[in-house]
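Quick note: numbers below take in every heavy atom, side chains included, and nothing from hydrogens, waters or symmetry partners.
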Amino acid sequence: MDAPVLNPAHALRARQLQVVNLICLLLTFITQRNMANKKRVRLPTRKVILERQAVREELLHNLLEGGQCRHLIRMSENAFRRLCEILQTVGGLRRTQRMSVEEHVARFLHIVSNDLRTRFTSWMYRRSRSTTSRCFHRVLRSIIAIEGLYIHQPTCDVVPREIQESTRFYPFFKDCIGAIDGTHVRVHVPNRDAPRYRGRKGYPTINVLAACTFDLKFTYVLTGWEGTASDSRIIKNAFTRNDKLIIPSGKYCLVDGGLPHTNKLMAPYRGVRYHLKEYSMRGPQNSKELFNLRHASLRNTIERAFGVLKRRFPIIRSTTEPFYSCETQSAIFLACCILHNFLLDEDRDINLEDEVMQEILNGPQEQDRRNSTETNEANRMAEQLRNSIANEMWANYLTHSNN
């Protein structure tokens, strides 16, 4: 009996199924072969594992016992151990199955203190890049978690010691509680967002607003604003947001000429000599110049704080495009501010602060870079306060000069 003749459509369907089966078999074979190759490459021998562990142990031993701790991670051995303890007990940092808390923190500090790339740190510690990245973000979150311990706004119960103990500043600035300024930090953003972040620096940055006391401690940090945002716009937001900047009634902070002069922000006289270097050859000639001189002497605290911060942690000073996203870079800046305040308590570096002060005194001074409107009626009382301080200061200055 003759075989049945297949319908042409059925024959085509059968051939298609055969082709699909062959493709599936081929893909299965390729996948199994690749997985086998990956397993052979990624599984190190016990000898290699022990060698890598020995390298890591030697690195930590040399860091803590070799006298190079401050040079490598910008803090002493005792401060490093104290930081590990705080991050573990308060920040929630935990050791993993194969990595101690000390290695977590040391690797993070190596990156932020030397602006190292993940690939180099991975090679140095004989870890994978993914492990290094997870370690970095784990420590970053832990440092952010202890922000409340080290960054808090002043209560203003007493006059700051730096003012109270100086006849140049007391009683004229007795109601001043700190200084406020902004700084730019380079960030990596998608090309479509670059114009919003490309400000006066010529490359994408975030504009960070910060306040500090006269002992260089940061009391408020607001990060994340685009580089094109003005300081005036940012500080208006700082006064109205949920985590707002608080300046108690009757108190004020010192600001540069780019910010408005109000009852909470005391700016210098515009159109009058201001920068310290301008007074090195010729002293003040009137009350406004004397006020600007002492205003600058006191307000440069925020510039010194930024200088010390960026000298300690070059990852936020570098002009090369960073590896991390804009959000992560903002978090890194805040974490560096927290570490800065921690080190002022645990391991203050007077030599570094003196170097930064000399740079401010000898380096080129930046002129006021933004135009500001004249004082309006709502801020006339603030203008009167500034004038009365300047006149009282000048009278006191003349009296002592004559004597």
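- The OG1 atom of T301 sits 5.0 Å away from atom CZ of R304, with the distance rounded to the nearest 0.5 Å.
- For the pair D349 and R74, the salt-bridge criterion is not met [side-chain N within less than 4.0 Å of a carboxylate O].
- F136 has its side chain within reach of V112: a pair of non-hydrogen atoms, C-beta onward, lies under 4.5 Å apart.
- Here the side chain of N114 pairs a donor or acceptor atom with the backbone of L72 at under 3.5 angstrom.
- Taking the six-membered ring where tryptophan is involved, the planes of F342 and Y150 are perpendicular, since the angle between them exceeds 60° and thus also 30°.
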Inset, instruction - Check step by step if side chain to side chain contact (heavy atoms under 4.5 Å, CB included) holds for Y324 and I111. - result: CA-CA 12 Å; Y324 302 99; I111 293 174; 3.8 Å; yes

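- Considering E51, E57, R56 as possible partners of Q53, the one that fulfils the side-chain hydrogen bond (donor to acceptor under 3.5 Å, both in side chains) test is E57.
- The side-chain heavy atoms of D181 and D231, taken from C-beta on, include a pair separated by under 4.5 Å.
- The closest side-chain donor-acceptor pair between S133 and T118, if any, does not fall under 3.5 angstrom.
- Looking only at atom types and distance, the side chain of S232 has no donor-acceptor partner in the side chain of S230 under 3.5 Å away.
- A donor-acceptor pair under 3.5 Å is absent between the side-chain atoms of S113 and the main chain of H110, judged by distance alone.
- Using a 4.5 Å heavy-atom cutoff, the side chains of V185 and I332 are not in contact.
- Panel note: side chain S388, backbone L385; a donor-acceptor pair is recorded below 3.5 Å.
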Inset, instruction - Evaluate the side chain to side chain contact (heavy atoms under 4.5 Å, CB included) criterion for residues Y197 and E226: first the C-alpha distance (whole Å), next the side-chain angles of each, then the deciding distance (0.1 Å), finally the verdict. - result: CA-CA 5 Å; Y197 289 86; E226 310 90 41; 3.8 Å; yes

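- Closest approach of G257 and P268 over heavy atoms only: N-CD, 3.8 Å.
- Atom-to-atom distance recorded for L290:CG and Q285:CD is 10.5 Å, nearest 0.5 angstrom.
- Scanning both residues, T167 and R294, for their nearest heavy atoms gives O-NH1, 4.4 Å.
- For CG of N21, the number of neighbouring non-hydrogen atoms (other residues, nucleotides, ligands) closer than 6.0 Å is greater than 12.
- Annotation: the span from Q164 atom CD to Y170 atom OH amounts to 6.0 Å, rounded to 0.5 Å.
- Contacts of Q18 classified as side chain to side chain contact (heavy atoms under 4.5 Å, CB included), with partners at least two apart in sequence or in another chain: none.
- Looking at heavy atoms from C-beta onward, F333 lies in side-chain contact with C337 at the 4.5 angstrom threshold.
- A donor-acceptor distance shorter than 3.5 angstrom exists from the side chain of Q153 to the backbone of K244, with no hydrogens or angles considered.
- Formation of a donor-acceptor pair under 3.5 Å by the R386 side chain with backbone atoms of A267 is found in this model.
- Closest non-hydrogen pair, R299 versus I180, comes out as NH1-O, 4.5 Å.
- Salt bridge annotation for E103-R107: present, with a cationic side-chain nitrogen under 4.0 angstrom from a carboxylate oxygen.
- Around the CZ atom of R196, the shell of radius 6.0 Å holds more than 12 heavy atoms that belong to other residues, nucleotides or ligands.
- Looking at heavy atoms from C-beta onward, L398 lies in side-chain contact with W394 at the 4.5 angstrom threshold.
- For R94 (side chain) and Q88 (main-chain N/O), a donor-acceptor pair under 3.5 Å exists by modelled atom type.
- F218 places a side-chain heavy atom less than 4.5 Å from the side chain of I302.
- A heavy-atom distance below 4.5 Å is not found between the side chains of V308 and L344.
- Heavy-atom contacts from other residues, nucleotides or ligands closer than 6.0 Å to CZ of R241 number more than 12.
- Electrostatic pairing of R348 and E353 counts as a salt bridge here, judged by a charged N lying under 4.0 Å from a carboxylate O.
- Within 6.0 Å of the CD atom in E58, the count of heavy atoms belonging to other residues, nucleotides or ligands does not exceed 12.
- Of all the heavy atoms in E102 and F80, the pair that sits closest is O-CZ, 3.5 Å.
- Counting heavy atoms from C-beta on, the side chains of Q329 and H188 never come closer than 4.5 Å.
- Taking every heavy atom of both residues into account, A305 and C212 meet most closely at CB-SG, 4.3 Å.
- Salt-bridge check for R70 with D347: passed, with a basic side-chain N closer than 4.0 Å to an acidic carboxylate O.
- A cation-pi arrangement is absent between R117 and F323 under the rule of less than 6.0 angstrom and at most 45 degrees off the ring axis.
- At distances below 3.5 Å, not a single donor-acceptor pair connects side-chain atoms of H340 with backbone N or O atoms of C336.
- Considering CG of N207 and CD1 of I234, their distance stands at 3.5 Å, rounded to 0.5 Å.
- In this structure, a donor-acceptor pair under 3.5 Å is present between the side chains of D215 and T213.
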Inset, instruction - Test R311 against E359 for side chain to side chain contact (heavy atoms under 4.5 Å, CB included), laying out the working first. - result: CA-CA 12 Å; R311 288 284 290 273; E359 287 181 0; 2.8 Å; yes

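- Atom CG of L293 and atom CZ of R168 lie 6.0 Å apart (nearest 0.5 Å).
- The shortest heavy-atom contact between L216 and N341 is O-OD1, 4.4 Å.
- In this pair, F173 and F169 present their aromatic rings perpendicular. The plane angle is above 60°, beyond the 30 to 60° band.
- The distance from atom CG of N286 to atom OH of Y269, rounded to the nearest 0.5 Å, is 9.5 Å.
- Within the 3.5 Å criterion, the main-chain N or O of P154 finds no donor-acceptor partner in the side chain of T219.
- With hydrogens and angles ignored, the 3.5 Å screen pairs no side-chain donor or acceptor of Y220 with any backbone N or O of L209.
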Inset, instruction - Mind running side chain to side chain contact (heavy atoms under 4.5 Å, CB included) on F172 and I163 for me, showing each step along the way? - result: CA-CA 9 Å; F172 317 109; I163 294 178; over 6 Å; no

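- No donor-acceptor distance shorter than 3.5 angstrom exists from the side chain of N396 to the backbone of E392, with no hydrogens or angles considered.
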